[in-house]
Amino acid sequence: QVQLVESGGGLVQPGGSLRLSCAASGFTFSSYAMSWYRQAPGKERELVARFTTAGSTNYADSVKGRFTISRDNAKNTVYLQMNSLKPEDTALYFCSMYRNGVRYWGQGTQVTVSS
């Protein structure tokens with residue numbers, strides 16, 4: 001019953017910005033950490049950012065200072081603000097949560113950074 005739906009991806013030029021959104025349902029949103037992962041063709045899926053229930057955040061070294069994760073528990077939504085985008089950020093971005101030994105994923109939203 002867990003459902004995660006990403007939106008906000010698209011084509012942007014290097015140096016541009018995008019804000020991704022993930023609408024969550026089917027669980028008590030405020031009780032779980034929420035994460036953003038990404039996967040580029042031929043590469044492993046990697047953790048980009050995480051926002052815990054205690055309000056702490058974690059970022060991959062490659063995005064520190066450029067990306068910001070936030071959440072609105074009243075709206076059951078987690079966001080990823082992406083600034084100063086680079087071609088290396090091109091990937092399919094997934095929203096994710098973990099419960100009872102199972103990791104859940106959204107369908108993904110494509111981000112392409114190109115001139």
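All of these numbers come straight from a predicted model, not from anything done at the bench.
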**Request:** Start with the C-alpha gap between L47 and W36, add the side-chain angles, then the distance that decides, and say whether side-chain contact (heavy atoms from CB on, under 4.5 Å) holds.
**Result:** CA-CA 6 Å; L47 176 66; W36 286 98; over 6 Å; no
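- Side-chain N or O atoms of Q110 include none that pairs as donor or acceptor with a backbone N or O of G10 at under 3.5 Å.
- To the nearest 0.5 Å, atoms CD (E88) and NZ (K43) are separated by 8.0 Å.
- No path of Ile, Leu, Val, Met, Phe, Trp and Tyr side chains, each step under 4.5 Å between heavy atoms, connects Y79 with L4, placing them in separate hydrophobic clusters.
- Note: I69 CD1 to N58 CG = 9.0 Å, rounded to the nearest 0.5 Å.
- For the pair T109 and G8, the tightest heavy-atom approach, listed with the atom from each and the gap, is OG1-N, 4.2 Å.
- L11 and F67 are members of different hydrophobic clusters when ILVMFWY side chains are connected at heavy-atom separations under 4.5 Å.
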**Request:** Could you give me the CA-CA distance, side-chain angles and deciding distance for M82 and R66, then say whether side-chain contact (heavy atoms from CB on, under 4.5 Å) is met?
**Result:** CA-CA 6 Å; M82 309 165 66; R66 300 188 298 120; over 6 Å; no
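- In this view, Y37 and W105 satisfy the ring pair (Phe, Tyr, Trp, His ring centres under 6.0 Å) rule, not counting sequence neighbours.
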If you look only at distance, which donor and acceptor atoms sit under 3.5 Å apart when one is on a side chain in residues 90-99 and the other is two or more places apart or in another chain?
unit_1, atom_1, unit_2, atom_2, d
T90, OG1, P87, O, 3.0
T90, OG1, V113, N, 2.9
Y93, OH, R38, NH1, 2.9
Y93, OH, D89, O, 2.7
S96, OG, R103, NH1, 2.8
S96, OG, Y104, O, 2.9

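- With hydrogens and angles ignored, the 3.5 Å screen pairs no side-chain donor or acceptor of S62 with any backbone N or O of A60.
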Table please: side-chain donor-acceptor pairs of residues 17-35 below 3.5 Å, with sequence neighbours left out.
unit_1, atom_1, unit_2, atom_2, d
S17, OG, N83, OD1, 2.9
S35, OG, R50, NE, 2.7
S35, OG, R50, NH2, 3.3

